J.: 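Can you read through this structure? Questions will come right after.
Numbers restart at 1 for each chain; the letters A, B, ... are given by sequence-line order, proteins then strands. This one's a predicted model, so the numbers in the text were calculated from it and none came from an experiment.
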Amino acid sequence: MAYWLMKSEPDEVSIDDVLAAPARTVAWFGVRNYQARNFMRDAMREGDLVLFYHSSCAEPGIAGIVQVCSPAYPDATQFDPASPYHDPKATPEQPRWIGVDVRALRKTALLSLKELRTVPALAGMRLLAKGSRLSVMPVEPHEWHAIEALLGQP
DNA sequence: GCCAACGTTGGC
DNA sequence: GCCAACGTTGGC
C-alpha cells in the first residue's frame, strides 16, 4: 500500500464536500499534468491512503484523509466540449487523462502549510520543495507517519 | 531537438 | 493581484 497527497481547491471540492457525497465518494477529475497522471495510472492502487490537501485558499494545508477506492479510469470531462477540462485531442478510443474515485475516511484539524514547513521530519517532502506544484504526489512512509502523529487520533 | 514564448499553479 | 517556478507548445 502506498501513500499519496492530492491537492484540491476547497472552493471546488473540499473535504466537507467529499464527506457529504453519496458513499462519501467522489471522482477525482481534472488532472491535466502528465506526471500527476502517471502516478495515478502506474502506481496508485485501490486502498492507498491519501492526504487531502486544500490549495489556493486562505489557509492551505492538510484537511483530511481519503482512500483510493477505484482503479484508474478515463476522466469523462476530457470528452466534454462544455467542460473547462475538455481536451480536443482526447477521444474515448484514445483517452489521454484518467482519474480515480476517492472515499473520505475523516476530516482532520487543518495542518497548515506553515506548520508543515516547521517539522524537521518533513524537510524532504515533495510538497514543500521549491516550485513544487504537482497536484498528485507520493508521500514517503516516514512522512506519512510524522503527519499522522501531528494530526492526532480520529 | 532546441529554446523562446506562452500558460498555469499556487503561495503570498 | 502579483509573480516565481515550472510545464507545454510550436517554429525552426
J.: Just by modelled atom types, is the A/Gly99 backbone N or O under 3.5 Å from a matching donor or acceptor in the A/Asp75 side chain?
T.: no

J.: Give a yes or no on this: more than 12 heavy atoms of other residues, nucleotides or ligands lie within 6.0 Å of atom CZ of A/Phe29.
T.: no

J.: What nucleotide, of C/dG7, B/dG11, C/dT8, holds the atom closest to the side chain of A/Pro60?
T.: B/dG11

J.: Does B/dG11 have OP1 or OP2 sitting under 4.0 Å from an N or O in the side chain of A/Tyr53?
T.: yes

J.: With under 30° as parallel and over 60° as perpendicular, where do the rings of A/Trp28 and A/Phe52 fit, or are they tilted in between?
T.: perpendicular

J.: Looking only at the side chain of A/Ser55 (C-beta and beyond, no hydrogens), which of the listed nucleotides B/dG10, C/dA5, C/dG7 gets closest?
T.: B/dG10

J.: Measuring only between side-chain heavy atoms, which start at C-beta, is A/Leu128 closer than 4.5 Å to A/Leu113?
T.: yes

J.: So, OP1 or OP2 of B/dT9: does either fall under 4.0 Å of a side-chain N or O from A/Lys7?
T.: no

J.: Assuming nearest nucleotide by heavy-atom distance, tell me which of A/Lys89 and A/Ser132 is located more 5' along DNA chain C.
T.: A/Ser132

J.: If you only use heavy atoms from C-beta on, which nucleotide in C/dT8, C/dG7, B/dC12 is closest to the side chain of A/Tyr34?
T.: C/dT8

J.: Can you check the A/Phe39 CZ to C/dG7 P distance for me, whole Å?
T.: 12 Å

J.: Any donor-acceptor pair under 3.5 Å between the side chain of A/Arg32 and the base of B/dT8?
T.: no

